[in-house]
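Below is one structure; the comments refer to it alone.
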Amino acid sequence: MIVCVAVVGHQNNPLYLQSFTEADDALKLHHVVHCSLDVIDERVNNPKRNAPALNETFLGLLYPTENYKVYGYLTNTKVKFIMVTTDLDVKDADARNVSYLNRLILWF
C-alpha cells in the first residue's frame, strides 16, 4: 500500500507531499522522503555504481527501512517523484507500473 507520495523540485525543495496514514506518521514519512533525496543525489552523481541508464527515469528501490520501501523517479528537469510503500515484498517491476504514480508523472 502506498503511504506517501512526494514531488521534490530540482533544488530539493518540496513541491508536494501527501501522506495517506495517521497524522502521527506524517513527520516520520517526511523524514523518510528527505533521506531518500540523499540516495537520489548519490545515484545521479555516481552513475557507475548501481545506477540505471541515464535515460531511465525509474530509479528503482532507493532504500528499504524496517517498515517501508522507498522508490523514486527522476525527470529530465531533475524533478523527483518519491513513493513510500508498506508492502515489503514489492518487486521493482511492480513499483514501476503503479498506475497512480505513472499518471502523476505524466500529468506533471
Side-chain angles (χ1 to χ4, degrees):
M1 177 168 99
I2 297 173
V3 294
C4 182
V5 174
V7 180
V8 181
H10 68 281
Q11 295 178 338
N12 289 340
N13 54 324
L15 301 174
Y16 178 79
L17 183 94
Q18 178 67 46
S19 62
F20 305 105
T21 61
E22 299 174 8
D24 296 340
D25 291 338
L27 185 60
K28 182 177 182 179
L29 291 170
H30 188 77
H31 178 70
V32 168
V33 167
H34 183 72
C35 289
S36 67
L37 295 175
D38 293 335
V39 176
I40 292 172
D41 287 341
E42 182 179 327
R43 287 192 184 182
V44 169
N45 294 331
N46 300 323
K48 297 175 186 171
R49 297 184 343 195
N50 288 352
L54 290 177
N55 61 354
E56 181 69 35
T57 60
F58 180 66
L59 297 174
L61 178 66
L62 298 177
Y63 69 95
T65 65
E66 203 170 290
N67 300 322
Y68 305 113
K69 277 192 170 181
V70 183
Y71 294 90
Y73 285 82
L74 180 67
T75 66
N76 293 337
T77 59
K78 305 295 185 209
V79 174
K80 301 153 192 87
F81 292 86
I82 298 167
M83 176 180 68
V84 182
T85 67
T86 56
D87 297 330
L88 298 178
D89 58 349
V90 173
K91 305 279 191 261
D92 275 356
D94 295 336
R96 180 189 304 256
N97 295 325
V98 173
S99 62
Y100 175 75
L101 200 55
N102 283 336
R103 282 185 272 157
L104 180 67
I105 290 168
L106 290 175
W107 176 76
F108 196 85

Let me have the donor-acceptor pairs involving side chains of residues 25-41, under 3.5 Å, with sequence neighbours excluded, atom names and distances please.
{"unit_1": "Ser36", "atom_1": "OG", "unit_2": "Val33", "atom_2": "O", "d": "2.5"}
{"unit_1": "Asp41", "atom_1": "OD2", "unit_2": "Asn12", "atom_2": "ND2", "d": "3.4"}

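Looking at heavy atoms from C-beta onward, Thr85 lies out of side-chain contact with Tyr68 at the 4.5 angstrom threshold.
Closest non-hydrogen pair, Leu17 versus Cys4, comes out as CD1-SG, 3.9 Å. Across all non-hydrogen atoms, the minimal contact from Met83 to Ile2 is SD-CD1, 3.7 Å. Across all non-hydrogen atoms, the minimal contact from Leu59 to Arg43 is O-NH1, 2.6 Å.
The backbone N or O of Lys78 sits less than 3.5 Å from a side-chain atom of Lys80, completing a donor-acceptor pair.
Considering OH of Tyr71 and CD1 of Ile82, their distance stands at 14.0 Å, rounded to 0.5 Å.
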